[in-house]
Amino acid sequence: MQQYRTHTCGELRKTHVGQSVTISGWVHRVRDHGGVIFVDVRDHYGVTQVVVNPGSACYQDSTKWRCESVVKFTGRVVERIAETVNSKLATGDIEVVGDTLEILSEAEVTPFSVALDSDCDENLRLKYRFLDLRREQMHANIVLRSKVASSVRRRMVDLGFLEYNTPILTCSSPEGARDFLVPSRLHAGKFYALPQAPQIFKQLLMVSGFDRYFQIAPCFRDEDARADRSPGEFYQIDIEMSFVTQEEVFAVVEKLIDGIFSEFSTQALTATPYPRITYRDSMLQYGTDKPDLRVPLIIQDASDIFRETGFNAFKQVLAKKGVVRALAVRNCAEQPRSFFDGLIAFSQEKGGKGLAYITWTAEGVKSPIAKFLTPAELDALQKLGNMQPGDVMFFAADTEKVANKVAGEVRVRLGELLGLKEKEGYKFCWIVDFPMYEWSDEEQRWDFSHNPFSMPQGGMDALLNTKPDQICAYQYDLVCNGIELSSGAIRNHRPEIMYKAFELCGYTQADVEKKFGGLLNAFRFGAPPHGGIAPGLDRILMLLTNAPNIREVIAFPLNQNGQDLLLGAPGEVTEKQLRELRIKLNLPAAPAAGAATGAAATAAPAPGKPTPGTPIS
RNA sequence: GGGGGCGUAGCGCAAUUGGUUAGAGCACUGCCCUGUCACGGCAGAGGUUGCGGGUUCGAACCCCGUCGCUCCCGCCA
């Protein structure tokens, strides 16, 4: 016999009328009418109304109830009369007439309301995450996360993949993000690192002959947080496949992603196969490598039109090898002056110098810059954007990098302001043909623009005979609604091509050996061509729940400063623990205890003389 | 490390833009109420306006510093 419940709080229906039941849960709300009292009892499954009548055994305890206390009621299920049915509640056709009550756990007054799903300070929510997670939206997010993870596993297995575990304690990786380090006790002075991703291990699994790998893998990176970037740790649906081309990876991911989004969303989806957009086209047409295709506007290059221009602002930009990007927008001429001023301010916020624009009207063109332009230039612009009366063309002129960014940001902004952006739906695309290298002004050498493990398109021949900036990699991103969902590559499994690829960035064979010796050694004993990808689970959930930030889909996230406010991580450790690890702390001197704040200036160390023990920051 | 925004009761907010004793709602405490479902009504308690300094006859409001939060840049192969 069940001690705590015969039914859950989401279970009872008309069919149960007449039964004696026991339910347990949290006190969600209480409506005390002086005589009859209504108590909403909530658990994971739902809410059920319990009616407490004067004279019943449970009535006398009623003054002790408080929201979020855990209670157990026994009672009888009765049908509600038509006037009192609550259609907002799944159990609203019935109610439980309370007989006995047991308070299983008394709650203190909560710092915020669980029943009322209203905003409150996020750090307060994180400190009391167990309360926050009781709330409807958060509870649903975490349930969805579990269902999506299960579905991913089922779908991957159906696609012929097996899930493998890879180490959490591994070694520091020479490239990429900052590592989290774990000191070794057995090897004093040496450190493990938490994996930024199981990259090398999944490649080793391919070399080990396992063919199709996946893992819902935790990844650890010690980098600053963003709204869509969890500090510290996040999860990837890590995938690797042997004997495949890029298109075969795409086919698997499209099946997975289309399946997941179809299963968990009713919104419109991009039909598979998703559009492939080259990196070069994306940078030109959308100003970014993660385009939001919900906005129908396309950026065009207008540099050639202004080669001989007398308009100084553009002339100077082009003379310095900059570019002029144009954005043609229909039916925008009627917008008030403040609309255009706002856009100019917006573009300046994003790093632009300004934002020129030309309006086409029935009487001709109207623009602050029209007087600097020749009829031939205006004519060419009209043709470029097929400009009709009522249309406006915006210009971003700057270095290619800045012009792309500004035009890209203005493109999305215009889409939102003019209501052109689709309100619903998921727009997927592949960004392909990423450049293998980019010139680093800082270091005065070529650098990998993405993953050094990627296979250059054209292989060794390309490395030997093509200018580095012309070489593309088999490197690809999956993008949805302007969010980078996933990044992957066909890997470079040939040691000699690996050496050559690194050589272009100034690394010797010995350097490569030192950095990636483990992987390279494996490649010497028969490595299959292989490639993979790693969709971000947290970001998929953000899209499915329309969450404003990534912490909304993680049960116990660190806050933006990388702290766990519930348990207090990171925390101090004992002297004994440090001694065992042979670690001596070297912290900046704490301010003298009890020092009057007013005397701080005199107590501070003389400028230019760092306090001994201050770490170099 | 840098920039923007924010900081008022336990919570989410207001305070006519520098003017008397900083307000109402939810929550809390007490009382009333027998069909509510965000129940309702009466009363009460609850504040160093993040902290420190300054300007002023007068500061929640203006200035400087500082701390915290948040979004962004850097960073994230």
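Every chain is numbered from 1 and lettered A, B, ... according to where its sequence line falls, protein lines coming before strand lines.
Of all nucleotides listed (B:rC72, B:rA38, B:rG35), B:rC72 comes nearest to the side chain of A:Arg226. Among the nucleotides B:rU36, B:rA38, B:rU70, the one closest to the side chain of A:Arg29 is B:rA38. Here B:rU34 is the nucleotide among B:rC37, B:rC26, B:rU34 with the atom lying nearest to any side-chain atom of A:Pro54. In this structure, the nucleotide among B:rA27, B:rU36, B:rC69 sitting nearest to the side chain of A:Asn559 is B:rC69.
By the 30° and 60° cut-offs, the orientation of the rings of A:Phe38 relative to A:His33 is perpendicular.
In this entry the distance linking CD of A:Glu79 with C1' of B:rG35 reads 16 Å, nearest Å. Straight-line distance from the CZ atom of A:Arg42 to the C1' atom of B:rA38: 15 Å, rounded to whole Å. Straight-line distance from the CD atom of A:Glu552 to the P atom of B:rU70: 12 Å, rounded to whole Å.
By the side chain to side chain donor-acceptor pair (under 3.5 Å) test, A:Glu122 pairs with A:Arg551, sequence neighbours left out. Under the rule for a side chain to side chain contact (heavy atoms under 4.5 Å, CB included), the partners of A:Thr84 that lie at least two apart in sequence or sit in another chain are A:Arg80, A:Ile81. With sequence neighbours excluded, the residues satisfying salt bridge (Lys or Arg N to Asp or Glu O under 4.0 Å) with A:Lys405 are A:Glu409. For A:Gln236, the side chain to side chain donor-acceptor pair (under 3.5 Å) criterion is met by no residue, not counting sequence neighbours. Remark: A:Glu484 pairs with A:Lys290, A:Asp477, A:Ser487, A:Arg539 by the side chain to side chain contact (heavy atoms under 4.5 Å, CB included) rule, at least two apart or across chains. The side chain to side chain donor-acceptor pair (under 3.5 Å) check on A:Asp228 picks up nothing, with sequence neighbours excluded. Legend: residues meeting side chain to side chain donor-acceptor pair (under 3.5 Å) with A:Gln203, ordered by chain and number and at least two apart, are A:Gln199, A:His530.
Applying the 90° criterion around 0 to the glycosidic angle, B:rU70 comes out anti.
At a threshold of 4.0 angstrom between heavy atoms, the contacts of A:Arg66 are confined to the sugar-phosphate backbone, with no base atom among them.
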Expected output check: what is the dot-bracket annotation of RNA chain B, where ( ) and [ ] are pairs inside the strand (brackets for crossing ones), | is paired with another strand, and pairs are Watson-Crick or G-U under 3.5 Å? (((((((..((.(.....[...).)).(((((.......))))).....(((((..]....))))))))))))....
Would you list the protein and nucleotides 42-45 of chain B atom pairs, both N or O, that sit under 3.5 Å from each other?
none

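In this structure, A:His33 forms an aromatic stack with the base of B:rC39, since both conditions hold: centre separation below 5.5 Å and plane angle below 30°.
Side chain A:Asp224 to base B:rG74: a donor-acceptor pair is found below 3.5 Å. Residue side chain A:Glu95 reaches the base of B:rG35 through a donor-acceptor N/O pair under 3.5 Å, judged by distance alone.
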Sequence-aligned protein contact record of nucleotides 8-13 of chain B, with B where the base is within under 4.0 Å of a protein heavy atom and S where only the sugar-phosphate is: --SSS-
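Only A:Ala227, A:Arg229, listed by number, bring a heavy atom of residues 227-240 of chain A to less than 4.0 angstrom from any atom of RNA chain B.
The side chain to side chain donor-acceptor pair (under 3.5 Å) analysis of residues 499-509 of chain A, with sequence neighbours excluded, yields the pairs A:Tyr499-A:Glu513, A:Tyr499-A:Arg524, A:Lys500-A:Glu503, A:Thr508-A:Asp511.
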